[in-house]
Visitor: 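Right, I'll just put the structure down here and ask away after.
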Amino acid sequence: LGAEERAALLCFWTGASTLGPSGFDGCEFRLTLARHLTPESLPESQTCSRNLKLAQYRSYDELREKVGRALEYGAHGFAFA
């Protein structure tokens, strides 16, 4: 990932596009295989708990495509489920 994509992923995952002064020290990130998501679903995030939820995608290429689409659509705003 390039710098812009990494910033978008951080924003999608945490709600912030940059880290604080201590960087990753003390940050806890969670990555969850969400059984309620289908391979057609985009990833979901819970920014307060820094939890990224992924479906069980069929391939690495599908994972990259879905994450890329989620970053494009959801990195700069919030949606309520």
Side-chain angles (χ1 to χ4, degrees):
L1 297 174
E4 279 188 37
E5 289 173 309
R6 287 193 308 266
L9 178 59
L10 184 64
C11 187
F12 183 76
W13 201 329
T14 68
S17 60
T18 60
L19 293 170
S22 61
F24 283 103
D25 289 342
C27 288
E28 196 172 307
F29 293 89
R30 289 190 293 190
L31 186 61
T32 304
L33 181 61
R35 304 247 183 243
H36 72 280
L37 296 176
T38 67
E40 290 75 30
S41 302
L42 294 178
E44 297 177 355
S45 68
Q46 294 176 315
T47 56
C48 293
S49 59
R50 295 185 173 133
N51 187 18
L52 182 63
K53 297 178 180 183
L54 299 173
Q56 188 170 352
Y57 297 113
R58 294 176 275 265
S59 68
Y60 177 74
D61 289 336
E62 186 175 36
L63 167 69
R64 283 192 59 91
E65 188 266 326
K66 297 295 184 177
V67 170
R69 195 176 303 166
L71 297 182
E72 181 182 340
Y73 297 148
H76 302 290
F78 295 91
F80 295 96

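None of these values were measured; they are calculated from a predicted model.
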Visitor: What residues form a side-chain contact (heavy atoms from CB on, under 4.5 Å) with Ser59, not counting sequence neighbours?
Guide: Asp61, Glu62
Visitor: State whether the number of non-hydrogen atoms from other residues, nucleotides or ligands found under 6.0 Å of Arg35 atom CZ is greater than 12.
Guide: no
Visitor: According to a hydrophobic-cluster definition based on side-chain heavy atoms being under 4.5 Å apart (Ile, Leu, Val, Met, Phe, Trp, Tyr only), do Leu31 and Tyr60 belong together?
Guide: yes
Visitor: Tell me the closest heavy-atom pair linking Leu37 and Glu44, and the distance in Å.
Guide: CD2-OE2, 3.2 Å
Visitor: Can you tell me how far CD of Glu72 sits from CZ of Phe12, rounded to the nearest 0.5 angstrom?
Guide: 12.5 Å
Visitor: Can you see which heavy atom on Val67 is nearest to which on Pro43, and at what distance?
Guide: CG2-CG, 3.9 Å
Visitor: Using residues 50-57 as the side-chain source, report each donor-acceptor pair under 3.5 Å to any protein atom, sequence neighbours left out, with the distance given to one decimal.
Guide:
{"from": "Asn51", "atom 1": "OD1", "to": "Thr32", "atom 2": "OG1", "distance (Å)": "2.7"}
{"from": "Asn51", "atom 1": "ND2", "to": "Gln46", "atom 2": "OE1", "distance (Å)": "3.2"}
{"from": "Tyr57", "atom 1": "OH", "to": "Ser41", "atom 2": "O", "distance (Å)": "2.7"}

Visitor: Do other residues, nucleotides or ligands put more than 12 heavy atoms under 6.0 Å from Glu40 CD?
Guide: yes
Visitor: Nearest 0.5 angstrom please: Thr47 OG1 to Leu10 CG, how far?
Guide: 11.0 Å
